[in-house]
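Here is the structure we will look at, set down as structure tokens.
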Protein chains: 2
Amino acid sequence: MEIRRLKSLLKKNKHYITKPRLRLFAVLQKHPALTVNQLILLVPKHDQATVYRNIALFEELGVINRLRLGWLTKIELSDIFQHHHHHFTCINCGKVITLPDQPAIEKNIKSMVDKQGFKAMDHQLEIRGYCPRCKELKRTKSLQSEPVSS
Amino acid sequence: MEIRRLKSLLKKNKHYITKPRLRLFAVLQKHPALTVNQLILLVPKHDQATVYRNIALFEELGVINRLRLGWLTKIELSDIFQHHHHHFTCINCGKVITLPDQPAIEKNIKSMVDKQGFKAMDHQLEIRGYCPRCKELKRTKSLQSEPVSS
DNA sequence: CTATAATTTGCGAAAAATTTGCAAATTATA
DNA sequence: TATAATTTGCAAATTTTTCGCAAATTATAG
């Protein structure tokens with residue numbers, strides 16, 4: 001259970017284990033990537049100020065990452081709590097797709113970083129373009145409609 | 001001159017070539033990456049509403065990209081107007097470093113995307129960690145101070 | 001389990017960031 | 001250079017994020 005890891009992380013850093021924090025975490029576990037606003041809506045028992053404060057705390061502790069997906073900033077659990085992965089965002093339909101592991105890319109990144117004398121803690125790769133479905137639509141009918149909201 | 005490309009892009013899409021747009025573009029050419037607020041401050045002749053509206057337009061036309069750098073969202077000219085590159089952000093001092101070309105990574109990304117049946121339009125990679133200087137500091141004195149603001 | 005001390009929450013209000021309506025100014029075109 | 005269309009600047013409205021403080025919750029020691 002990942003929840004144990006969260007709890008020990010909070011304790012280690014002298015923060016209380018509270019209901020809002022646990023609920024927030026549970027919501028993040030259920031959803032792949034959420035905007036701040038979606039998060040607020042999904043934790044209706046708690047005030048938005050509480051959500052903002054705990055997002056900040058989770059960032060500080062490295063529990064979550066902020067992603068730039070399309071024009072939106074979204075939040076997801078960091079690699080500590082879920083398998084490391086990259087994202088593809090469809091420009092047309094807005095869908096966010098988790099990409100399969102790419103060991104070669106990871107290796108390349110690591111070796112470049114080492115060569116430059118950096119110490120990398122994490123990284124994120126976002127690819128934007130057309131998903132297979134929208135690519136096809138574009139080829140045939142042409143892309144006329146507005147992007148679907150996420 | 002890249003400015004010609006901007007002008008033809010505007011014309012092609014039936015937008016006017018205006019002073020605010022040209023000034024905005026010039027500022028973006030001078031600086032590697034700016035927050036919206038920095039942009040507003042650097043174009044003091046024009047209203048912030050104008051800046052926001054033109055940021056939106058530039059996004060639409062693919063003139064600029066939004067980057068997640070550290071906790072900030074910044075704006076920079078897209079690959080159409082400058083050489084494609086990735087970023088390293090130092091967690092400690094906040095510095096943003098442009099990484100050298102990495103053909104292997106580019107190739108890996110391309111082949112993965114093709115294999116999955118996507119059509120990629122662009123991508124961005126951000127690596128976070130410690131720059132050589134802060135890495136060293138960390139090893140010796142330990143990292144006590146607040147990150148320097150960008 | 002209970003009392004105590006410390007942190008966190010909820011709420012209202014404030015501050016910051018972004019968007020909008022509309023008259024005046026700017027730009028394209030012919 | 002006149003005309004039509006878009007864009008700008010300004011003020012006001014929204015939306016998003018932050019803050020202060022009393023009340024509630026959580027940790028800890030007994």
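Source: prediction; values computed, not measured. Letters A, B, ... are given to chains in the order of the sequence lines, protein chains preceding strands, and every chain is numbered from 1.
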Euclidean distance, atom CG of residue B/Asp47 to atom P of C/dT19 [Å, nearest integer]: 13 Å
What is the distance from OH of B/Tyr52 to P of D/dA13, rounded to the nearest Å? 19 Å
Would you please classify the geometry between the A/Phe88 ring and the B/Phe118 ring as parallel, tilted or perpendicular, with 30° and 60° separating the classes? parallel
For DNA chain C, whose closest nucleotide is more 5', that of B/Pro20 or that of B/Val36? B/Val36
Rounded to whole angstroms, how far apart are CZ on B/Arg23 and P on D/dT7? 17 Å
With respect to the phosphate group of C/dT8, does any side-chain polar atom (N or O) of A/Arg21 fall under 4.0 Å of OP1 or OP2? yes
Residue-phosphate contact under 4.0 Å: B/His15 side-chain N/O, D/dT7 OP1/OP2: yes
Just one of B/Glu126, B/Glu76, B/Gln124 clears the side chain to side chain donor-acceptor pair (under 3.5 Å) bar with B/His87, so which one? B/Glu76
Side-chain donor or acceptor of B/Asn13 paired with backbone N/O of B/His15 under 3.5 Å: no
Write down the distance between NZ (A/Lys11) and P (C/dT7), rounded to a whole number of angstrom. 17 Å
Distance test, side-chain N/O of B/His46 to OP1/OP2 of D/dT8, below 4.0 Å: no
Is there a side-chain polar atom (N or O) of A/Thr18 under 4.0 Å from OP1 or OP2 of C/dT7? no
Output yes when a side-chain donor or acceptor of A/His86 lies under 3.5 Å from a complementary backbone atom of A/Leu99, and no otherwise. no
Go ahead and name the base partner of D/dG30; Watson-Crick or wobble counts if both distances stay under 3.5 Å, otherwise write none. C/dC1
Under 4.0 Å between a side-chain nitrogen and a carboxylate oxygen: does that hold for B/Arg5 and B/Glu2? yes
Send over the distance from A/Asn13 CG to C/dA6 P, rounded to a whole Å. 20 Å
Determine whether a donor-acceptor pair (N or O, by modelled atom type, separation under 3.5 Å) exists between the side chain of B/Lys135 and the backbone of A/Gly117. yes
Taking CG from A/Leu22 and C1' from D/dA27, how many angstroms apart are they, rounded to a whole number? 14 Å
Which part of the nucleic acid, if any, lies within contact of A/Lys45, taking any heavy atom under 4.0 Å across all strands shown: a base, the sugar-phosphate backbone alone, or nothing? sugar-phosphate
Please report the distance, rounded to the nearest Å, between CD1 in A/Ile55 and C1' in C/dT8. 16 Å
Would you mind classifying the nucleic acid contact of B/Asn37 as base, sugar-phosphate or nothing, using non-hydrogen atoms under 4.0 angstrom? nothing
Output the single nucleotide from D/dT16, D/dC10, C/dT9 whose closest atom is nearest the side chain of A/Thr50. C/dT9
Contacts of A/Gln48 and A/Arg53 projected onto DNA chain D by closest heavy atom; the upstream (5') one is A/Gln48
Picking from D/dC19, D/dT8, D/dA11, the nucleotide nearest the side-chain atoms of A/Ala49 would be D/dC19
Return the nucleotide paired to C/dA28: Watson-Crick means purine N1 to pyrimidine N3 with N6-O4 or O6-N4, wobble means G-U with N1-O2 and O6-N3, both under 3.5 Å. D/dT3
Under 4.0 angstrom, heavy atoms only, what part of the nucleic acid is B/Lys14 near: base, sugar-phosphate, or nothing? nothing
So, does B/Tyr16 get its side chain near the phosphate of C/dA28, meaning an N or O under 4.0 Å from OP1 or OP2? no
Rounded off to whole Å, could you give me the NZ-to-C1' distance for the A/Lys19 and C/dG10 pair? 14 Å
